[in-house]
2 protein chains.
Amino acid sequence: NVILQNVKKVYKNGQEEVVALKGISLEIEKGSMVALMGPSGSGKSTLLHIIGGVDFPTEGKVLIDDQEINKFDDKTLSKFRNHNIGFVFQFHYLLPEFTALENVMLPIQIKGEKNPEKKAEEILTKLNLLHRKNHKPAQLSGGEQQRVAIARAIANNPSLLIADEPTGNLDSQNAKNVIILLKELNEKNKMTIIIATHDVEIAKYCQYIYFIRDGMLVNVEKV
Amino acid sequence: NVILQNVKKVYKNGQEEVVALKGISLEIEKGSMVALMGPSGSGKSTLLHIIGGVDFPTEGKVLIDDQEINKFDDKTLSKFRNHNIGFVFQFHYLLPEFTALENVMLPIQIKGEKNPEKKAEEILTKLNLLHRKNHKPAQLSGGEQQRVAIARAIANNPSLLIADEPTGNLDSQNAKNVIILLKELNEKNKMTIIIATHDVEIAKYCQYIYFIRDGMLVNVEKV
Ligand SMILES: Nc1ncnc2c1ncn2[C@@H]1O[C@H](COP(=O)(O)OP(=O)(O)OP(=O)(O)O)[C@@H](O)[C@H]1O
Ligand SMILES: Nc1ncnc2c1ncn2[C@@H]1O[C@H](COP(=O)(O)OP(=O)(O)OP(=O)(O)O)[C@@H](O)[C@H]1O
Ligand SMILES: [Mg+2]
Ligand SMILES: [Mg+2]
């Protein structure tokens, strides 16, 4: 499960201070699938980065399966993330010098699993991308890059998947394929899934929607 | 106006050949506002890059106001684009070392117009971003970066604006603000506007929707 206790995030640029998160507390049950919605600039990416251990809170605690991950050292956090967390970034951050297939294989190889190539091909197939496996990111469309990022994030069958606006660059058919695949992973593999999205049609596939505005949780709705 | 005559685009990677555009012909009247829709990977970005002189066709002609831009030399094309074309890229490509304000001022300064700072601030205000003008791209949310890219593209009041999925990272309110602003520019300044989008709600603000699939124009609908 994911527990946040009074998480604050303040960005300091010289004199200016931006309070991106103003004290967020929440608990997401293990195996649930939730959406995070809110205006542009409201704090979604900041919140997801802190949950996923990609960034640290200025104040407050982040507990994943009762472990306070914001206290881990680099090495422990890195291993924890590789084994337990899959992250789809808002601007995907694929490695530009590697092909789609290699990008998806990388986390599998880091974990030390066998048959990384076969596993990576299976996931790319589920995202309708096998025909592009040998393309580098610059040779892929925007939506194809986004789908490779999704494939990479689920490659290790993480217990927690964090997806930051994973369908913004996809047409409705591809977007639907993605959310149906995620729902399947949630139901079959009990993967906890947190999705930031601007698309209420995507949010409807989740069990709860968390609404954020100006760095504060303003509402939680059961779908 | 924009005229394409049998435009083809083939990407060669060693042995592999990808035919991204299979012979596209179209004519977009000066001062019209059109949408381009189609599945992920269907060729929208490729088509927009060729129209905007960011890329070149393998075969065929691109005429903007009766000038064959795919024949221009670098210097002429660069000047033509700075004076006449605004481009919002799918992954914005803001200059990371400059602030939002500086990124928007740059095309105005290149053109040699006076009061670049004042003009840039006016446009940022229209996109609800004045409070972020001194932030560099890494200090902006995904949707804020997208809006800075839009501001930069319209800074020189181009006669042709090309926007590649400009609202994918925006909540519905911000997306609406953007499309309403573009419609205003189209009606008041007679700006020709071509928008690739996956969102039919955005496409409805245009006069025509061009549908592309597998690199071919399959339909044009009047809205
Ligand atoms: N440099 C390249 N080499 C090989 N294939 C390429 C290259 N660039 C793009 N492609 C392929 O060309 C096709 C069209 O790409 P394009 O970026 O135009 O699609 P798109 O319609 O913009 O998609 P999206 O909605 O995902 O942004 C894609 O299938 C892509 O894989
Ligand atoms: N490094 C930084 N320094 C200062 N302010 C920052 C920094 N990073 C983000 N911000 C600000 O924090 C706020 C929250 O950003 P965040 O990326 O979490 O928003 P978001 O909800 O993901 O928005 P979007 O829907 O546009 O992606 C934004 O207003 C942004 O300008
Ligand atoms: Mg974001
Ligand atoms: Mg594209």
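Letters A, B, ... mirror the listed sequences (proteins, then strands); counts begin at 1. Just so you know, these numbers come straight off a predicted model, no measurement behind them.
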Table up the donor-acceptor pairs between chain B and chain A that sit under 3.5 Å, atom names plus distance.
unit_1, atom_1, unit_2, atom_2, d
B/Asn13, OD1, A/Gln139, NE2, 3.2
B/Glu16, OE1, A/His135, NE2, 3.3
B/Glu16, OE2, A/His135, NE2, 3.2
B/Ser40, N, A/Asp171, OD1, 2.6
B/Ser40, OG, A/Arg147, NH2, 2.8
B/Gln90, NE2, A/Asn169, OD1, 3.1
B/His135, NE2, A/Glu16, OE1, 3.3
B/His135, NE2, A/Glu16, OE2, 3.2
B/Gln139, NE2, A/Asn13, OD1, 3.2
B/Arg147, NH2, A/Ser40, OG, 2.8
B/Asn169, O, A/His198, NE2, 3.1
B/Asn169, OD1, A/Gln90, NE2, 3.1
B/Asp171, N, A/His198, ND1, 3.3
B/Asp171, OD1, A/Ser40, N, 2.6
B/His198, ND1, A/Asp171, N, 3.3
B/His198, NE2, A/Asn169, O, 3.1

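Applying the side-chain contact (heavy atoms from CB on, under 4.5 Å) test to B/Ala151 and every residue at least two apart in sequence or in another chain returns B/Val104, B/Ile123, B/Leu124, B/Leu127. Annotation: ring pair (Phe, Tyr, Trp, His ring centres under 6.0 Å) contacts of A/Phe98 (sequence neighbours excluded): none. Residues that satisfy the ring pair (Phe, Tyr, Trp, His ring centres under 6.0 Å) test with A/Phe56, not counting sequence neighbours, are absent from this structure.
For chain A, the option among B/Pro39, B/Gly38, B/Ala20 with the highest count of heavy-atom pairs below 4.5 Å is B/Pro39. Among A/Leu140, A/Val200, A/Val18, the residue with the largest count of heavy-atom pairs under 4.5 Å with chain B is A/Val18.
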